Amino acid sequence: MATLDVFYRDDTVLYGDLQGIWLMFLFGPPDAPRMKRAGPTLTEMSKRYPDGFANITLVTQEAGLTMDAASRQAAADLTAQFAQQMKSDCTVVDGDGFWPATVRAIIGAVQILSRVRHPRASFRTLPEAIDWSLQYMPSATRQGYDKRAALAAAEAALASVRAG
C-alpha cells in the first residue's frame with residue numbers, strides 16, 4: 001500500500017489515507033461543499049479499515065480562524081456519520097506564535113465540550129499527532145505502521161500544499 005494515498009485534493013483541502021490515518025489538510029478557507037466532499041473518502045477508509053481508523057486534521061494559517069455555520073454543520077454531520085469507525089480525532093494547528101497557540105486552545109476547549117465519544121486532542125506538530133493517534137488505532141493497523149515513511153509522506157504532501 002502507498003504510504004499516502006491521496007483521495008482528493010483541490011486548492012483548499014487534501015484528503016488521504018496515511019496508512020490507516022485519515023488525513024485532512026486544510027490550507028484555504030473551508031466551505032460546506034468541500035467538507036461534504038470528505039464523505040466519499042471516509043467511506044473508502046471505512047472499507048479499507050473495517051476495524052476503524054484515526055483522523056488527523058492539519059490546519060494551516062492560510063485556512064483562517066473561522067468556519068461558517070454550513071461548513072461546521074457539514075463537518076459535524078460527517079463526524080457523526082463515521083463516529084463508529086473513527087477511533088481518535090486530532091487537529092494540528094500548523095505554526096508557532098500567538099495565532100496557532102490561540103487556535104489550539106480554542107480547539108481544545110471545543111473538544112472538551114463536544115459529545116464525541118472517541119479521544120480528541122490538538123497538537124502543534126504532525127509528528128506529535130501521529131504518535132498520539134497510533135495508540136488508538138486497531139492493533140492490526142498499528143503493527144504494520146511505518147511511522148518514518150508516513151511522516152515523510154505527510155510532510156512532503158504538506159510541502160507541496162505550501163508550494164501551491
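Treat the numbers as computed from the prediction; the structure is a model and nothing was measured.
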Q) Can you list the residues that meet the side-chain hydrogen bond (donor to acceptor under 3.5 Å, both in side chains) rule with Gln84, with sequence neighbours excluded? A) none
Q: Indicate yes or no for a side-chain donor-acceptor contact from Glu155 to the backbone of Ala152 under 3.5 Å, with no hydrogens or angles considered.
A: no
**Q.** N/O donor-acceptor pair under 3.5 Å between Thr12 side chain and Gly28 backbone
**A.** no
Q.
Can you list everything that forms a side-chain contact (heavy atoms from CB on, under 4.5 Å) with Val13? Sequence neighbours excluded, please.
A. Tyr8, Asp10, Tyr15, Leu26, Arg34, Met35
Q | From CA spacing to verdict: side chain to side chain donor-acceptor pair (under 3.5 Å), Glu44, Thr41 | A | CA-CA 5 Å; Glu44 180 60 27; Thr41 70; over 6 Å; no
Q: Flag the pair Asp51 / Lys87 as yes when at least one side-chain heavy-atom distance between them is below 4.5 Å, and no otherwise.
A: no
**Q.** Heavy-atom side-chain contact between Cys90 and Ser122 under 4.5 Å
**A.** no
Q: Please list, chain by chain and in numerical order, all residues satisfying side-chain contact (heavy atoms from CB on, under 4.5 Å) with Ala80, sequence neighbours excluded.
A: none
Scan the side chains in residues 138-148 for donor-acceptor partners under 3.5 Å anywhere in the protein, sequence neighbours excluded, and list what turns up.
residue: Arg142; atom: NH1; partner: Met137; partner atom: O; Å: 2.5
residue: Tyr145; atom: OH; partner: Leu18; partner atom: O; Å: 3.2
residue: Asp146; atom: OD1; partner: Arg148; partner atom: N; Å: 3.4
residue: Asp146; atom: OD1; partner: Ala149; partner atom: N; Å: 3.1
residue: Lys147; atom: NZ; partner: Asp131; partner atom: OD1; Å: 2.6

Q: Sort and list the pairs that fulfil ring-ring contact (aromatic ring centres under 6.0 Å, His included) and have at least one residue in residues 69-95, not counting sequence neighbours.
A: none
Q | Heavy-atom pair of closest approach, residues Gly20 and Tyr49 | A | N-OH, 3.1 Å
Q | Evaluation steps, side-chain contact (heavy atoms from CB on, under 4.5 Å), between Phe25 and Thr60 | A | CA-CA 8 Å; Phe25 286 164; Thr60 67; over 6 Å; no
Q: Could you walk me through whether Val93 and Arg124 pass the side-chain contact (heavy atoms from CB on, under 4.5 Å) test, one step at a time?
A: CA-CA 6 Å; Val93 180; Arg124 187 180 64 78; over 6 Å; no
Q) Can you list every pair that meets salt bridge (charged side-chain N to carboxylate O under 4.0 Å, His left out) and has a residue in residues 69-81, with sequence neighbours left out? A) none
**Q.** Side-chain heavy atoms of Val59 within contact of Val92, under 4.5 Å
**A.** no
Q | Salt-bridge criterion met for Asp5 and Arg48 (N-O under 4.0 Å) | A | yes
